[in-house]
Colleague: 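Pasting a structure here, questions to come.
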Amino acid sequence: MAVATLATVCVLSVFNGFASLASGRMNLIDPDLKAVRADGGVAAGADSIAAALASADAGRFIESLSPTLEEQALAISGDVQLPVTIRGVGEDYEYVTRIDSAIIDGIFALEDEYGYPATAISVGAAIELQAHPDPFNPIGLYAPRRIGRLTGGSPLNAFRSDSMLVAGVWQTEQNDYDASMAIVSIDRARRLFDYRRGEASSIDIKLHPGADASQARKTIADTLGDGWKVLTREEQHTESYRMIAVEKWISFLMLAFILIIASFNVVSTLSMLIIEKRDNLRTLRALGATPRMAGAIFFWEGWLISMVGGVAGTIVGIGLCMAQQHLGLIRLHGDPTKLNLAAYPVEVAGSDIVVVAVLVALTGAIVGYIASRLARK
């Protein structure tokens, strides 16, 4: 029972560690809160809405915010073409997110020192386009025209284009972002995708350190009205968090079956004990003990055996997790110079300990019940 409980605590803690790691990687380029239109469309006057939001009652929660426009485009560098996601951001984007921490080459900048437009591209896009920070080799961006009629016979007339220097390359260790994304000035994005001044697909919001996220979300949502949704970081990546949660609890179910199988050993031990103590049970019956009283003895013994094993396994499991968290006892295999993480991440959650304790208590009760039934017979 102790070994099965220990394994359950450790496995759940490892999943918590990977979930926290994923969350930490995501917040490099994602805001604390993201306000989007409820219908999924582009909002007109987003710049004015952002300014009004900062000056309203919700502003007491907000440290900075940035209107954002996200669309698909085609990037061309030399003879290489790559479909990319263009994220147009405001000047405060580097304060809304931690994009600077994700830069692995160059710097984060939306224009160079001479005012020429610049972009920061993901590591996957940099590899595919064979592009890197270079003031003499810009990349081209092309997007289909949204507004107006096509003129002329050239296919290029169907596209709007722009040229930008690569100021920096960033990496978040999240494939959805690292594969093909480029961050540009929102004004350049609006021009490339034929959007009017002030239009944006979302408003990215950074909260003051220590601010109550749930209260801030409610206040901001009330300020924006019914036409908007305010998404937390988890809601911005529902699928990723759901996948981790599903894997975690499927593993928990498998370990729960192992714990139940381990409890059969306790049942068999108590069965042998009942056979051994048969004469003592007859003596208790002769003294006036009822079958129910005799059964209760073995019920509580079976339950206590399970609980002692569960408590011991939980304590040792928490100790091992703490040792792993602070000492990194179990290392990841691979070239240390190419790994951002040297050891398996772990994080003990109180809710997991409660779930494991409930499972052990229920298993102990079942074991005790079976033993009590055998004792009555």
Side-chain angles (χ1 to χ4, degrees), residues 1-20 245 247-330 343-377:
M1 293 294 289
V3 172
T5 304
L6 181 154
T8 304
V9 170
C10 290
V11 169
L12 294 181
S13 298
V14 169
F15 274 104
N16 292 337
F18 278 110
S20 297
E247 290 177 348
K248 172 182 175 179
W249 293 113
I250 286 178
S251 300
F252 171 76
L253 288 176
M254 291 189 291
L255 290 168
F257 281 118
I258 294 173
L259 186 66
I260 293 171
I261 292 172
S263 69
F264 292 151
N265 293 324
V266 180
V267 173
S268 62
T269 300
L270 289 175
S271 300
M272 297 301 295
L273 183 63
I274 292 170
I275 295 173
E276 181 184 344
K277 299 297 183 180
R278 185 176 297 169
D279 292 340
N280 301 87
L281 291 173
R282 291 196 184 99
T283 301
L284 290 175
R285 289 292 300 277
L287 293 172
T290 64
R292 185 181 185 86
M293 292 174 62
I297 294 173
F298 291 96
F299 173 85
W300 289 111
E301 183 171 3
W303 189 80
L304 286 172
I305 290 173
S306 299
M307 289 305 297
V308 169
V311 170
T314 300
I315 293 174
V316 175
I318 292 175
L320 289 176
C321 289
M322 292 295 101
Q324 174 67 17
Q325 184 173 342
H326 295 288
L327 303 177
L329 301 177
I330 302 177
Y344 277 96
V346 295
E347 182 178 311
V348 179
S351 59
D352 291 342
I353 302 302
V354 172
V355 171
V356 172
V358 170
L359 174 64
V360 172
L362 289 175
T363 304
I366 294 172
V367 168
Y369 175 76
I370 295 173
S372 69
R373 295 278 296 181
L374 293 173
R376 292 181 191 182
K377 293 180 180 179

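Numbering of residues begins at 1 and proceeds along the displayed sequence.
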Colleague: Which atom pair, heavy atoms only, marks the closest approach of Ala7 to Leu255?
Modeller: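 The answer is O-CD1, 4.0 Å.
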
Colleague: Do you know which two heavy atoms are closest between Val360 and Gly310, and how far apart they sit?
Modeller: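 Heavy atoms of Val360 and Gly310 come nearest at CG1-CA, 3.8 Å.
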
Colleague: Test side-chain contact (heavy atoms from CB on, under 4.5 Å) on Glu301 and Leu270 and set out the steps.
Modeller: CA-CA 8 Å; Glu301 183 171 3; Leu270 289 175; 4.0 Å; yes

Colleague: Please indicate whether Phe252 has more than 12 foreign heavy atoms, meaning atoms of other residues, nucleotides or ligands, lying under 6.0 Å from its CZ.
Modeller: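 Buried by this count: over 12 neighbours within 6.0 Å.
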
Colleague: Which pair of heavy atoms, one from Val266 and one from Gly302, lies closest together, and at what distance?
Modeller: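 For Val266 and Gly302, the tightest heavy-atom pair comes out as CG1-O, 4.5 Å.
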
Colleague: Ignoring hydrogens, what is the shortest heavy-atom contact between Gly317 and Val9? Give both atom names and the distance.
Modeller: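 It is C-CG1, 4.0 Å.
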
Colleague: Report the residues that fulfil side chain to side chain donor-acceptor pair (under 3.5 Å) with Glu347, sequence neighbours left out, ordered by chain and then residue number.
Modeller: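 By the side chain to side chain donor-acceptor pair (under 3.5 Å) rule, Glu347 matches Ser20.
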
Colleague: Measure the CG-CG distance between Leu6 and Leu320 for me, rounded to the nearest 0.5 Å.
Modeller: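 That separation rounds to 5.5 Å.
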
Colleague: Rounded to the nearest 0.5 Å, how far apart are OG1 of Thr363 and CG of Leu359?
Modeller: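 That separation rounds to 4.5 Å.
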
Colleague: Which atom names give the shortest non-hydrogen contact between Val355 and Trp249, and what distance separates them?
Modeller: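 Residues Val355 and Trp249, closest heavy atoms: CG1-CZ3, 4.2 Å.
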
Colleague: Take atom CH2 of Trp300 as the centre, draw a 6.0 Å sphere, and report whether it contains more than 12 heavy atoms from other residues, nucleotides or ligands.
Modeller: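 For Trp300, atom CH2 is not crowded (no more than 12 foreign heavy atoms under 6.0 Å).
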
Colleague: Applying side chain to side chain contact (heavy atoms under 4.5 Å, CB included), can you list everything that pairs with Arg278, at least two apart in sequence or on another chain?
Modeller: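 Partners of Arg278 under the side chain to side chain contact (heavy atoms under 4.5 Å, CB included) test: Ile275, Arg282.
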
Colleague: On a heavy-atom basis, which atom in Cys321 and which in Cys10 lie closest, and how many Å separate them?
Modeller: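 Smallest heavy-atom distance, with atoms named: SG-CA, 3.9 Å.
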
